[in-house]
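Remember, it's 1-based here, ligands and their atoms both numbered in the order they're listed. Position 1 is the first residue of the sequence, and the numbers go up from there. Heavy atoms only: backbone and side chains are in, while hydrogens, waters and symmetry mates are out.
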Amino acid sequence: MRNTIEYILLKKERNEKITVLTAYDRVFAPVVDAAGIDIILVGDSMANVVLGMKSTIDISFEEMLNHTRAVANSTQNALVVGDMPFCSYQNDPAVAVGYARQFMEVGCQALKYEWFERVSEVIPAVIAEGFPVMGHIGFTPQSEDKLGSSRVQGKDVEAAERLIEQARLLEEWGCFSIVLECVPWKLARLITNKLTIPTIGIGAGQYCSGQVLVIYDMLGLNKEAQFKFLRLFGNLYNNALEAIKKYKTEVVQGTFPTEQESFKITDPDLERFLLKQEQE
Ligand code: KIV
């Protein structure tokens, strides 16, 4: 049975850590699900890590929608959160609810929105439709051009006050959780303690209610991911490289495929026909 919003809220109440990972397809999503991760975020980080785009704002609505459907259809337990792409609300906040509905219809249980200057027009309207929302503050990649040169946010009193106020507003509007991305850990701890809803940290230290990482980064598949906050929990790049090299060698040597890995002819007429053809 799927994890519910109530279950996620209860985890914060009980002081139990919430586990979140991104996944984008029916290959990795079922693995994340089988591992018992609480929430799968179909993040728009897919733009960079899967599609090789420069910015998350370049990903289309259809691309995010199709992958959210794939993750929802291939999992049974995790709560699936669809990450709303820039084009679905930041271009024109008036269209946000229609796009949100399309995401909920493909089977996700909640939607994530990054903070931007007109977010107060979007999140309360989406929540009023009955769609659960996860907020996202701190480093918000869709607004990267407006955040200054440092990835870490909330580094002075004014910036910290802004983040505290954003978190308060998100809770007041009815969000069920908030991603804190690249925030000093003491500030993340303060925000977490001020809220009744959980915080999910990425680069925000150990005192958040839960943690999220990008799956290909933490599995060691994405060589470009080199962040202070990232820990590699696997080395799948090397595992994949070894397997692919072995495949290449065996194809070149003719040891793959064997007869056991090939189909046999069962029709005697066809057997005779082929023999005759070979003799001609
Ligand atoms: O798109 C994404 O993967 C995210 C997480 C890093 C929080 O927003």
Side-chain angles (χ1 to χ4, degrees), residues 8 17-25 28-29 32 37-61 63-68 70-72 78-90 99 103 108 110-116 119 122-123 132-144 147 151-154 163 166-167 170 175-183 188 191-192 197-205 208-219 221-222 224-233:
I8 300 300
K17 291 287 186 187
I18 298 162
T19 54
V20 187
L21 272 180
T22 70
Y24 316 101
D25 58 43
F28 278 100
V32 177
I37 293 294
D38 295 315
I39 299 177
I40 297 180
L41 171 66
V42 190
D44 66 354
S45 51
M46 183 172 72
N48 314 116
V49 298
V50 178
L51 301 176
M53 294 169 173
K54 286 235 153 47
S55 165
T56 57
I57 72 173
D58 295 328
I59 199 159
S60 71
F61 179 76
E63 282 164 326
M64 286 302 300
L65 190 73
N66 284 335
H67 283 263
T68 302
V71 170
L79 186 131
V80 176
V81 179
D83 199 7
M84 298 310 289
F86 183 93
C87 58
S88 70
Y89 69 107
Q90 292 210 22
Y99 283 125
F103 256 64
C108 62
L111 308 167
K112 178 168 84 59
Y113 289 93
E114 291 185 13
W115 188 274
F116 76 118
V119 74
V122 172
I123 289 183
V133 170
M134 172 185 272
H136 182 164
I137 61 175
F139 182 70
T140 44
Q142 293 177 3
S143 307
E144 192 172 0
L147 295 179
R151 200 175 178 95
V152 183
Q153 302 295 304
L163 286 180
Q166 289 173 0
L170 290 171
C175 288
F176 77 96
S177 60
I178 304 176
V179 170
L180 299 181
E181 181 163 352
C182 293
V183 173
I191 292 173
T192 302
I197 59 171
T199 56
I200 308 296
I202 174 163
C208 293
S209 323
Q211 298 292 326
V212 58
L213 285 175
V214 167
I215 186 160
Y216 298 142
D217 298 355
M218 57 80 75
L219 288 177
L221 260 175
N222 180 13
E224 282 172 26
Q226 285 168 1
F227 305 114
K228 179 181 166 69
F229 62 78
L230 177 63
R231 185 182 298 178
L232 301 185
F233 289 87

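In this structure the side chain of Leu79 never reaches within 4.5 angstrom of the side chain of Ile40, judged on heavy atoms. Met84 places none of its side-chain heavy atoms less than 4.5 Å from the side chain of Val122. A heavy-atom distance below 4.5 Å is not found between the side chains of Val20 and Asp38.
Short contacts between ligand 1 and Gly43, defined as distances under 4.0 Å to a heavy atom of the residue, involve ligand atoms 1 (O), 2 (C), 3 (O). Ligand-side atoms of ligand 1 in range of Thr22: 3 (O), range being under 4.0 angstrom from any heavy atom. Per-residue contacts place Ile202 under 4.0 angstrom from the following atoms of ligand 1 (heavy atoms of the residue considered): 6 (C). Taking a cut-off of under 4.0 Å to the non-hydrogen atoms of Asp83, the atoms of ligand 1 that pass are 1 (O), 2 (C), 8 (O).
Polar contact check, Lys112 against ligand 1: a nitrogen or oxygen pair lies under 3.5 Å apart. For ligand 1, the polar-atom distance check finds an N/O of Ser45 within less than 3.5 Å of one of the ligand's N/O atoms.
A donor-acceptor distance shorter than 3.5 angstrom exists from the side chain of Thr22 to the backbone of Ile215, with no hydrogens or angles considered.
Note on ligand 1: Glu114 sits outside its first shell, no heavy atom being nearer than 4.0 Å. In this structure, His136 counts as a contact residue of ligand 1, since one of its heavy atoms falls inside 4.0 Å of the ligand.
For atom 4 (C) of ligand 1, the closest non-hydrogen atom on the protein side is Leu41 CD2, 3.7 Å.
Remark: aromatic rings of Tyr24 and Tyr216 are close, center separation under 6.0 Å.
The two residues Thr56 and Ala47 have their closest heavy-atom pair at CA-CB, 3.7 Å.
Ring planes of Phe61 and Tyr99: tilted class, angle from 30 to 60°.
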